[in-house]
Protein chains: 2
Amino acid sequence: MMGVVETTKQRVRRASKLVAVPKETLPLGQILSGDCVEAMRSLPDASVDLVFADPPYNLQLGGDLNRPDGSHVDAVTDHWDQFDSFAIYDQFTREWLTEAKRILKPDGALWVIGSYHNIYRVGAILQDLGFWILNDIVWRKTNPMPNFRGTRFTNAHETLLWASQGEKAKYHFNYTAMKTLNDELQMRSDWVIPICNGAERLKENGTKAHPTQKPEALLYRVLLATTEKGDVVVDPFFGTGTTGAVAKRLGREWIGCEREDVYRGVAMKRIEKELPLDESALKVMQSKRAAPKVAFGALVEAGFLKPGTEVFDTKRRWVATVRADGSLECGKQTGSIHGLGKELQGAPSCNGWTFWHYEDEGVAKPLDAARQLYLLAVED
Amino acid sequence: MMGVVETTKQRVRRASKLVAVPKETLPLGQILSGDCVEAMRSLPDASVDLVFADPPYNLQLGGDLNRPDGSHVDAVTDHWDQFDSFAIYDQFTREWLTEAKRILKPDGALWVIGSYHNIYRVGAILQDLGFWILNDIVWRKTNPMPNFRGTRFTNAHETLLWASQGEKAKYHFNYTAMKTLNDELQMRSDWVIPICNGAERLKENGTKAHPTQKPEALLYRVLLATTEKGDVVVDPFFGTGTTGAVAKRLGREWIGCEREDVYRGVAMKRIEKELPLDESALKVMQSKRAAPKVAFGALVEAGFLKPGTEVFDTKRRWVATVRADGSLECGKQTGSIHGLGKELQGAPSCNGWTFWHYEDEGVAKPLDAARQLYLLAVED
DNA sequence: TTTAGTAGTGAATCTTACT
DNA sequence: GAGTAAGATTCACTACTAA
């Protein structure tokens, strides 16, 4: 039983409970059809805990693209990703972000995922609307699509923004859960997660049900980090319902918005099959650490071996020079530490790390020694 | 000596050289003092190859507010809020980006580095100004500062934007050098590089000379990837001159802008000590694109492949005969090595050099092998 | 049953030079 | 400027087939 005198704190809590919308009145576990801005307008102010949004990226692709083997790349050419200008895309972004901000509780938070095509528009606009960025998160893909024409760097990541309602706003962060998930080290702002394929990728008649389905591991980490059990999560661009599926699994409530009938159907079927995890299973988590693989070029770049350094095999049959990009030059022949070693010996393969040596204080040391030094230096 | 007839390519190059500003008239190897916008105004249009910028982001995004000129805004007398603060920062960003765009050559490029505090402003504005983002690059720090209070994810990365002058603009990318630097795999958009500390970190009286000194490895990769030897690199926020030091080492020209006397002094001392690498060390692996073109007919002409030789694909689905003019014949079909390969496969395109093989001492070799032999033979 | 090899594919702003 | 031809270009992973 409560004490007779109500403290200020208790009064405030009661008052906020009285004005708060009982979550049972919300369309929990439903996918609202039609435009997401209209759909969100049907939800009351300050009623949900989290908005996770995967809006169209506005890719602006040119013509067709073929792989080196001649096969065709199945690109995202859907009508929903087409915008006539940045101005129109910005307007669209302002509208859905404004509704998202309205329905979020004062201590609620926003997540948005995007690529360089759209994320700078989204980031600037959400700042303009008063959202306060807490982190930007890099999803590092283990298996991205390569750059087939060799024209740029492999686009191997996407960006997520995590923002609170404002500079002074409260928000939720399950610090310990994240630390546990990351082998007792603080979870960093770069997450290594494979793209969604294999059994997880939803298919309809043998082809992918949605061109941009996100991996469940990504949503799992987002929801575990920034929501509590029972929280209400809204996804304005629901697609095939990854957010809903993971929310159900983790004991969170969800509401989706999706314009396309087909996606709504696929998502509902998917989420019905999903089973909530029991408490004990929630505690068993694991993650993979990034492998400490080192490219020879990284040593050159970091100055551990300077361009111009001479390297040689143990019997000094060959002497080569290190070049600026980490390649070796021996007479007219050039190549990587492995490739050139292989060529010169006429061997089927060669481990350049142990084949080539450099002189350090009068002593010949294998390149592998420099690699060890480099690893020691970058580990902390 | 050049041939009598000037090709179109040669004429265009000569013409562009006539209008181009001789780089010797630029203030190469100098640090311009004062505001970077004013400093850049002293440089001619379309005169530099690369702008690398590490702009400040602590002007006002948080507690204190400083004007772009460095003067402090008194919060008591100058009423301001978060929105004013973004507006001031945006204005400052538009000004320096506009000058950067003006001084860049049509095939020049821009790099900007920033964190979530400012990079979304910068990214949106540079797109508004017509820059075309080529990649966003994540600098993943091996040794970031932990989040001491456990309130967010460890902020373990910064973001770089690489942009050309426009959607259709040309730009330079040393694809093969990057691939070599990364152990024969395409360089990705996420770069693992340690933060700048230890011996590399410049100190004045025991304390760090500059709060945000960037690692040389980062600039090394940027300059190696997107400039050629002799190119002119401008850094509008020069600080302690990491860009200048690495540019000098890699045989690139540099111009800095820096407002603070102290930093100019530290940077000049630092760069004077830096030694350029010698010619041979600066060489990088060249892509086939940069190699001189060889017509298949030239190989036939020179006797590297005799007319009548049989050529075939790896699976020997098709066998064709080399004709005297360097065309191929397969049954009733004829064409160039590329055209016939394309026709037979029904493929969108075909590289005849790697598709067709010939037999040499019982071993099937691609036509490309003969091309390599030919190139070695004619080189000297 | 196991292994080796082949085919397929993923949010992609993906060529250049000449006629 | 449009059209054409030469020719340069891929990583990780899954699923299936063949031996």
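Chain letters run A, B, ... following the sequence lines, proteins first, then strands; residues in each count from 1. Predicted model, so just to flag it, every value in this text is computed and none were measured.
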**Q** So, for A/Phe238 and A/Tyr263, is the gap between ring centers shorter than 6.0 Å?
**A** no
**Q** Give a yes or no answer on whether the side chain of B/Gln165 reaches the backbone of B/Leu104 with a donor-acceptor pair at less than 3.5 Å.
**A** yes
**Q** The side chain of A/Ile195 is closest to which nucleotide in this list: D/dA8, D/dA6, C/dG10?
**A** C/dG10
**Q** As a test of your reading of the structure, name each stem of DNA chain C as range with range, where a stem is three or more consecutive Watson-Crick or G-U pairs at under 3.5 Å.
**A** C:2-10 with D:11-19, C:15-19 with D:2-6
**Q** Measuring from the side chain of A/Thr151 (C-beta onward, heavy atoms only), which nucleotide among C/dC14, C/dT13, C/dA11 has the closest atom?
**A** C/dC14
**Q** Under 4.0 angstrom, heavy atoms only, what part of the nucleic acid is A/Thr212 near: base, sugar-phosphate, or nothing?
**A** base
**Q** Tell me whether the side-chain N or O atoms of B/Arg289 pair up with the base of C/dT15 as donor and acceptor below 3.5 Å, since no angle test is needed here.
**A** no
**Q** Has B/Asp107 got a side-chain atom pairing as donor or acceptor with B/Tyr171's backbone, closer than 3.5 angstrom?
**A** no
**Q** Report yes if the distance between the aromatic ring centroids of B/Trp191 and B/Trp139 is under 6.0 Å, otherwise no.
**A** no
**Q** Can you check whether B/Ser336 has a side-chain N or O nearer than 4.0 Å to OP1 or OP2 of D/dA6?
**A** yes
**Q** Closest approach to the side chain of A/Leu61, judged atom by atom: which nucleotide of D/dT10, D/dT9, C/dA12 is it?
**A** C/dA12
**Q** Could you say whether A/Cys196 or A/Asn147 is positioned toward the 5' end of DNA chain C, judged by the nucleotide with the nearest heavy atom to each?
**A** A/Cys196
**Q** Is the backbone N or O of A/Gly150 less than 3.5 Å from a side-chain atom of A/Asn147, with the two atoms forming a donor-acceptor pair by type?
**A** yes
**Q** Just to confirm, is there a sub-4.0 Å distance from OP1 or OP2 of D/dA12 to any side-chain nitrogen or oxygen of A/Lys141?
**A** no
**Q** So which nucleotide from D/dA8, C/dC14, C/dT13 ends up closest to the side chain of B/Trp353?
**A** D/dA8
**Q** Figure out the NZ/P separation between B/Lys168 and C/dT15, and round it to whole Å.
**A** 10 Å
**Q** To the nearest angstrom, how far is A/Asn66 atom CG from C/dT15 atom C1'?
**A** 13 Å
**Q** Does the plane of the ring in A/His210 sit parallel, tilted or perpendicular to the ring in A/Trp80? Use 30° and 60° as the thresholds.
**A** parallel
**Q** Which one, C/dT15, C/dT13, C/dT9, comes nearest to the side chain of A/Arg149?
**A** C/dT15
**Q** Identify which nucleotide among D/dC13, C/dT9, D/dA8 has an atom closest to any side-chain atom of B/Asn351, counting heavy atoms from C-beta outward.
**A** D/dA8
**Q** Go through the N and O atoms of the side chain of B/Arg371 and the base of D/dG7, and report whether any donor-acceptor pair is under 3.5 Å.
**A** no
**Q** How would you label the contact of A/Asp54 with the nucleic acid (heavy atoms, under 4.0 Å): base, sugar-phosphate, or nothing?
**A** base
**Q** Need to verify one output field. Residue with the more 5' nearest nucleotide on DNA chain C, B/Lys315 or B/Asn135?
**A** B/Lys315
**Q** So A/Gly114, base contact, sugar-phosphate only, or nothing? Heavy-atom distance under 4.0 Å.
**A** nothing
**Q** Would you check if there is a donor-acceptor pair between the side chains of A/Tyr116 and A/Asn155 at a distance under 3.5 Å?
**A** no
**Q** With A/Val246 as reference, evaluate A/Leu219, A/Val222, A/Val233 under the side chain to side chain contact (heavy atoms under 4.5 Å, CB included) test and give the passing residue.
**A** A/Leu219
**Q** Heavy atoms under 4.0 Å, any strand shown: does B/Lys179 hit a base, just sugar-phosphate, or nothing?
**A** sugar-phosphate
**Q** Any chance the rings of A/Phe153 and B/Phe173 have centres within less than 6.0 Å?
**A** yes
**Q** Let's see if you can work this out: which of C/dC14, D/dT9, C/dT13 has an atom nearest to the side-chain heavy atoms of A/Tyr116?
**A** C/dT13
**Q** From C-beta outward on B/His338, which listed nucleotide comes closest to its side chain: D/dT10, C/dG10, D/dG7?
**A** D/dG7
**Q** Between the base of C/dC14 and the ring of A/Phe148 - centre-to-centre under 5.5 Å, planes within under 30° - is that a stack?
**A** no
**Q** When you measure from the side chain of B/Leu185, which nucleotide among C/dG10, C/dT15, D/dA12 comes out closest?
**A** D/dA12
**Q** Given C/dG10, D/dT10, C/dA7, which nucleotide is nearest the side-chain atoms of B/Tyr175?
**A** D/dT10
**Q** Looking at the base of C/dA17, is there any donor atom on it, or on the side chain of B/Lys293, that sits under 3.5 Å from an acceptor on the other one?
**A** no
